[in-house]
Each structure stands twice: as C-alpha cells, then as structure tokens.
4 protein chains.
Amino acid sequence: MPGEAAKTVPPEAGSTATRILDAAEALFAKRGFAGVSVREIAGRVGLNQASIYNHFPSKQALYEAVLERGLGPITDLLAEGKGSFQSRDFQEQLLERLVDHLWRTPHLPKLIQREVLDGGEYLERLVDHWLTPIYEQGTSAMEATPGFVDWPLADRPLLILGLYHLLFGYFTSAALYARVLGKDPLSPEMRRTHLDFLRRASDRLLHQDVNAPTR
Amino acid sequence: MPGEAAKTVPPEAGSTATRILDAAEALFAKRGFAGVSVREIAGRVGLNQASIYNHFPSKQALYEAVLERGLGPITDLLAEGKGSFQSRDFQEQLLERLVDHLWRTPHLPKLIQREVLDGGEYLERLVDHWLTPIYEQGTSAMEATPGFVDWPLADRPLLILGLYHLLFGYFTSAALYARVLGKDPLSPEMRRTHLDFLRRASDRLLHQDVNAPTR
Amino acid sequence: MPGEAAKTVPPEAGSTATRILDAAEALFAKRGFAGVSVREIAGRVGLNQASIYNHFPSKQALYEAVLERGLGPITDLLAEGKGSFQSRDFQEQLLERLVDHLWRTPHLPKLIQREVLDGGEYLERLVDHWLTPIYEQGTSAMEATPGFVDWPLADRPLLILGLYHLLFGYFTSAALYARVLGKDPLSPEMRRTHLDFLRRASDRLLHQDVNAPTR
Amino acid sequence: MPGEAAKTVPPEAGSTATRILDAAEALFAKRGFAGVSVREIAGRVGLNQASIYNHFPSKQALYEAVLERGLGPITDLLAEGKGSFQSRDFQEQLLERLVDHLWRTPHLPKLIQREVLDGGEYLERLVDHWLTPIYEQGTSAMEATPGFVDWPLADRPLLILGLYHLLFGYFTSAALYARVLGKDPLSPEMRRTHLDFLRRASDRLLHQDVNAPTR
DNA sequence: GATGAATGAGGATTCATTCAT
DNA sequence: AATGAATGAATCCTCATTCAT
C-alpha cells in the first residue's frame, strides 16, 4: 500500500527492544523473513545494524520473539474461555474480542499466514502445544451447538478452519480488498462492516437450523 | 526451514524452460520470491545457475512467468462464463471446475497468497485488468440470486471475497490442515470431502432463504 | 621479514586454484588461519573476494587444501622408505631429502607448527593416520642403530621428536634466526651450513658410542 | 577448533587484572592473538567485555602485558648469571631452572613461538634489547667449553638455537607429543624424563670430546 | 570498577548476473 | 544451450572500542 517511504519508529515509543520488535513485526509481516534484512530493521529504529544484536541473538531469534509476542495474546484469548465454548453468547463475545484484537494488530494475521505458507517449524510447535488442545476442546464443546451437528462429521474440521479463513483472510488479503473495494480495508468505518459480516456469516454457517438439501 | 528433501525435476518432463518453471513454481510457492535462490532452482533442474539465464532474462522475469503460467487458466476459467453467472447450475459448475484446477495445481494458491501478502505490483495488474471486471460482472449477475440479495449491500463484497478465502484457504494453509487434521490434506480421499464442504458452505451462505435474525 | 608490500601472485603462475593455494599458503604461514581474511587472499591473486568460492567451498576448506598439498610430499617422503630406516645411508639420505624439500617450501614448517600450536583437528588426523605408523616403524627400525639404543627407553620418543624440532625449528623460527644471526636464514649460502649442522647434530645424538657419564 | 571446555578463572585467584592476564595468556597461547576475542577473555573471567578496558587500554596492550609478564622472569633468569656461563655447573643449573620455570608456565613457550612465527615487532624489541646481548655474552663464554669449540664456527649459532628448540619444542608441541606418546606430556611424571632427556642431549651436543668423524 | 548499549569496520559467505568458451 | 569463472552488492554476524550510567 502507500507510503513506502521508510517510516521510522519514533524514539520515544517504549524500550529499544520493543521498538525493534515493532519495526521487525511490520517488516516481517509485509515482506516475510527472507525479504527483510537486519540492516533495514535497524534503520527503521534508527539504530546501527550491530545494535540489534545487543537485544536479540540472531535474526531468527528476533523473528521468533515477534511471533511470540504477537501470538501470546491470541492463544490467551482462546485459552481463557476454555470451558465455555458451548454458550452462544460466549462464541459471539469471543468473535468480537478476536476481531478487536486483530484490528489492533493487523500485522499479526499476515505473520501467521506467512508462517503457515512456509510450513515453518515455529508453527508446528504453536499448533501442537496450543491450538490443537483448544481446537479439540472447542470442537467437542460445539457438539452442543445444533447448527454445528447438522454438518457431516467429516466436514466439521473444515468448517472450523473455514471460519478461521473467513476471519483472518480479511487481514491477510488486505491488499486485495483495497484494490477490489476501492477503499482502505483498515479504515475505522470498515470495522463495523467487517464484524457484521462475520457475525452474519458465522450465523449462517453455524447457528441455522438447516433442512435445505445441499442439492 | 525444514523438509529440504532435494526433489529433482526429472529430465524427461518437458522442455528445459518448462522444467525450470516447474521447479521455480514449487520453490516460490514454498518459500517465496526472496527465499529462493537462482542456484537452488537450477540445482533442482540439474542445471548450472548460469543456464537459467538462457531461458529467462532474470529471476524476476522467471517469477512472473511462473505466475503467468499459473494464473492464465484461472482467469480464463472465470472469463469464459462471463455472461452466465446468474445460473445456479453454472455457479455449481464453476466451483467444481475451479476446485478441480486447484487440486491439479496446488502450488498456485500459495503463490497467489504470497503475492497478495506482498501487495506485489504483479497482483495489482492482475486485479485491475482481469479480476475487477469479472468481479463486477459476477456481482451484478448475482443480484439475481435470491440468497445473495438477502445480504446487506455493504456485506456483499466481503461475502464474495469470503468465498474466495474458503476456497483458496484450503490450499494456502495446507500445512496447518495437515497438522490439525492429522492427515495429508492433499490426499485424493480428501478431495471429495473438500468439494462437499465447499458446496455446503456456499449453499448456506448464498442460496438460503434466510429469515433467521442475526441476533 | 622485509617487503611486506602486498606481493601479488603473478597471473601466469599456474591455474587459478593453484595461485589461490599459493597465496593462501604464504599468508596462513605468516599469520595463521584466524589472522588472514579471504579478502586478502583474493587480493593477492588479483581476484574478487567472491571468486575464491568458485574454487574452494569455504575458508576452512581452502586451509585444509593448503595443508593437504603441503603435507602430501612430506608424508610421501617418509612413507616411501618404510622398510629401510635402519640403514644409516638411508637415514642420511632421508635427512638430505627432507631438508631439500623444506628449503623449497619454507612456508610448510610454519603451517605445521601453527597447526601443532592450535592442536587443530587436522593435525589429529595427520598424526594418527600417517605419522604414528611411520614413527612406530621408524622407531623399531632404529633399534638396530647402536647410538640409539644407548638412550634409555623413556628418552627415545623425546629424542625423535627432538630431532624433528632441530630440523623444523630452523624454519619455524626463521624470524628469530634472522634477528640473531643478522642475516637472512633462507639465503642460499645458509643452506649448506644448515644441512651440515643437522648432520653433525644428529650424528652426535644418534650415532655415537657414548660412555660419557651424564654427570 | 575443539576442546572449548569453558574453563573459568576462579574469582578468588588474585586481582581482577591478574585474572584477566591469566585468562588471556591461556587463550592467546592456545589460539593466537587474532584467534581470540576480547569478549571471550572477559567471559572466562566472568566479566563484561567492556570491563576489560578498565584494566587494559586495548587488546593489543593486554597482549603485550601478557608477554611482558611471562617473559620477564625468563630474561631475568638469563641476565642473572651474565658473568658465569662458562661454568658447567652453572649451565646445568641454568638448564634446570629454565625447565623448572617452563613447567610452571607452559603457556609461555607457545606465546613465544607464536610471536616468532608472526615475526611480531614485540619479538624484535625483545631480541634486540635482551636476547642478543645475552646470546653474545653466552656465546663468548662458551668458547671456554671444550665440547663447544669442537663445532665449526658457522655451526655454533645454529647449535645454540638448536638447544633452544630442544628445550622449547617440548612445550610448543605439547599437542603433538600427547598424540604421539599417547599420554599427557605435561603430567608430573613426564617432568623428570624431560629434564633427563635434555641433560643427556645437551651433554652429547656440548660436552663431549668428539673425534668421531662426521662421516 | 562494572555494565548495557551503541557503533563503524570488517568478518565469511551468498546473491543475481555476466561473459567467454 | 550449457557452463566455469568472475564480480559488485548485499547477506548475517562479530569485532574492538566507547560511553553514559
């Protein structure tokens, strides 16, 4: 998108390590691990290249610190309501809070999507240790949701991941949305539209008593 | 990152240029433009790095050739039925043919997603020259679909892009699916499940007479 | 010693790889592995830094190639007369040929001494595979030499290694000799003196009927 | 290279400066000036790299302090008996005291040998100001030793330097000895063997009435 | 006296690209 | 069409050193 002109992280914005993480997060999200040089990250923070290594032992470690920092709140969010997935209210609330968080950290979905595309090993750990438990618990909780059990068993995992794509896709494909919609998808006024759409879509997919034949 | 099992493109598989494109497609899909070196592509084809330049003038040009080759059939597919989006039969058929094509070229969605994440300028051209016209025509055609006009005006673009994510996400996130499902998402037996799921999901989103209050 | 002004290996002197080896040998001998940069080696050969890597995969590999090339002839020399150490004539001849070789490759002893000082692993392989067998065979052959068996058993290994130091020390300490002697120790006229000295010294240590009390 | 077993200089062992010197001596001996980083020296002493500069103005100065501290006692030893070289008793005694000193500071010969190999300028000063006078005085004193004057004039400097190699070589090549002898050359039980050998060897080279034809 | 952070210079190595063969 | 060799620029990272705290 616009304004590629080297934005600098303002010097007052938190500790040096935090400012490095901020700059790295933005850059890794925009161009991926291989597409970003340590020099560039340092430049954004107004540091010499070598100074990065006073805060992080390697580019890889910095990358992982970025992921860690970004993913923590999300897995927390999910883990938090471990026992209450079956309540529709909770589901609504969770959706709202997730959307909220993503709107505040729009780099995050891109980072995750890049990690997923790479099949990176960090993803592996994340999925195994955090997501799978939550996923399984969530799934079993959903068994109580009428609209969910309408779906064939085999489709249910795809449905859940589909919901994930519906949610994350908006951010990972912001560039595409911008082009197609003709307006900035991250503008404040799009936020409500986005949430409304997600509510409606998940409603149709999850909470409807469906007798309609698939054809 | 892992899984480097040096697959070589077999010498008999088409012209040298084609074999280069094949190797490049797989690698660019897996690791992105910046994450792949010309040397590595050449290695996969059993060529010296210099030889690549007998077939493509630059790495960038090779990358674009890969995109061109991959995207052509898809835009053709879409452009083909320019006038007939309003028929539900056609929509069903289009979905089936798209899924078909993607199953045959599973690298493609990854390439596209990377392009989208990068906000690459190639994407720009593609969207402006090809997708936007089709998108607009498709949208206006869909106005005849009852399940579609149930959606608020503002949501409709999001819905269409959401369908895109539902479809493409399966491939872009193959690594995630593999981990979560515990089985190879590209195995032949998953194919039908995937198509079934897509049918059911688009059905619910598009073709249902919905009176259910969104809450 | 004199003339530190970047001597360049003349372009006509053999293949590029050989010229790299020559330059590297001289530099590694003079300043050790860590004290020499690839850039400097390349500079001496009149090459760009990167070009070195067209001929050797790494600095370490280049270093080992230098050792290999230098040590080969010496171990060959030793291995050659495997069965004939007991003949005094052969011993004389061996000494002469060794001295000859070292005078032609005066960098070599320095390289070896540096490797010995480092306790490098290359030395390990060399000693175990090449030197130890020769050493053992040589030792047992010497049992027939009267002047040798005069030495207490425990001293014999030290004696052999002492002879090695007498021989190699002249080259490893060339700088010291230059300073102390006040003349270039590698000048042609010193060569005979050196050989004479070695003959006389080994004679006294090895071939004398000694009854003199050690004190 | 191997054997990095991070030995730390114990905190109680003397003043900080001394502990730095100890750590630096061991490391410089093992890997040479260029092969050791200030960070590593600091690490061994349990200090931050910057702290080194509270005690020594530069890496180079630290290196020279190490040499100074190590070489002082040796040149003292030699200078001490300036007038009494001609006595055989003194020679014996000197040898014993030298060996003694070296066994207590086995890093020293390695440091010296590295300096010699480098042809370092510190060596230059050392040789010119200290060694040459002693060497000349020693030589002229030896003129009274019958076994010495048996040697041709031209050989005599080589003989003296040869004795030096016999003595120092044991320490500079400790790694080689370890490998060839199959036991630790610095173990206490080797000490006597070593001294005995040196006595016997210098005896044969220096104190024998030799009529035996060199052949 | 100790240290965390900063930095310019330089370390080895890889990059995409060119060119003569 | 293929390649070995060459190269300038860039890669990540380490170096010795400085300085404010």
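Model, not experiment: these values are computed from the prediction.
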Name the closest nucleotide to the D/Lys59 side chain, picking from F/dC13, F/dA16, E/dT7.
F/dA16

Output the rounded distance in Å from CZ (A/Arg19) to P (E/dA5).
13 Å

Counting just side-chain N and O atoms, does A/Asn48 come under 4.0 Å of either OP1 or OP2 of E/dG8?
yes

Taking for A/Leu47 and for B/Gln60 the nucleotide of DNA chain E with the nearest heavy atom, the one nearer the 5' end belongs to A/Leu47

Can you measure D/Ile20 atom CD1 to E/dT3 atom P for me and round it to whole angstrom units?
11 Å

Looking at B/His55, I'd like to know whether one of its side-chain N or O atoms comes within less than 4.0 Å of OP1 or OP2 on F/dA2.
yes

Quick one: on DNA chain E, does B/Ser58 or A/Ile52 contact a more 5' nucleotide (nearest heavy atom)?
A/Ile52

With sugar-phosphate meaning primed atoms plus P, OP1 and OP2, does B/Ser37 contact a base, only sugar-phosphate, or nothing at under 4.0 Å between heavy atoms?
sugar-phosphate

Spell out yes or no: do the side chain of C/Asn54 and the base of F/dG4 have one donor N/O and one acceptor N/O closer than 3.5 Å?
no

Polar side-chain atom of B/Arg19 near backbone of B/Val45 as donor-acceptor pair, under 3.5 Å
yes

Separation of atom CZ in B/Phe28 from atom C1' in E/dA16, rounded to whole Å
12 Å

Which class fits the ring pair B/Phe28 and B/Phe33: parallel under 30°, tilted 30 to 60°, perpendicular over 60°?
parallel

Does A/Thr16 make a side-chain N or O approach to OP1 or OP2 of E/dA6 shorter than 4.0 Å?
yes

Before giving the answer on salt bridge (Lys or Arg N to Asp or Glu O under 4.0 Å), spell out for B/Asp22 and B/Arg69 the whole-Å C-alpha distance, their side-chain angles and the decisive distance to 0.1 Å.
CA-CA 10 Å; B/Asp22 290 343; B/Arg69 186 183 69 155; 2.9 Å; yes

Would you say the side-chain atoms of C/Arg44 pair up with the backbone N or O of C/Ala23, donor to acceptor, closer than 3.5 Å?
no

Which sits closer to the 5' end of DNA chain F, D/Ala34 or A/Tyr53, going by the nucleotide each is nearest to?
A/Tyr53

Nearest whole angstrom, please: distance from the P of F/dA2 to the CZ of B/Phe56.
12 Å

Check the distance between F/dT17's P and D/Glu40's CD and give it to me in whole angstrom.
16 Å

Would one find a side-chain N or O of C/Arg39 under 4.0 angstrom from OP1 or OP2 of E/dG11?
yes

Is C/Ser51 close enough to F/dT7 that one of its side-chain N or O atoms is under 4.0 Å from OP1 or OP2 there?
yes

Respond yes when some side-chain nitrogen or oxygen of C/Ser15 is under 4.0 Å from OP1 or OP2 of F/dA5, and no when none is.
no

Could you let me know what F/dC12 is paired to, Watson-Crick or G-U wobble, both distances under 3.5 Å, or none if it's on its own?
E/dG11

D/Lys30 side-chain N/O to D/Val36 backbone N/O, donor-acceptor pair under 3.5 Å:
no

Is any side-chain N or O of A/Gln49 under 3.5 Å from a base N or O of F/dC13, one able to act as donor and the other as acceptor?
yes

Under a 3.5 Å limit for both distances, which nucleotide forms a Watson-Crick or G-U wobble pair with F/dA20, could you say?
E/dT3

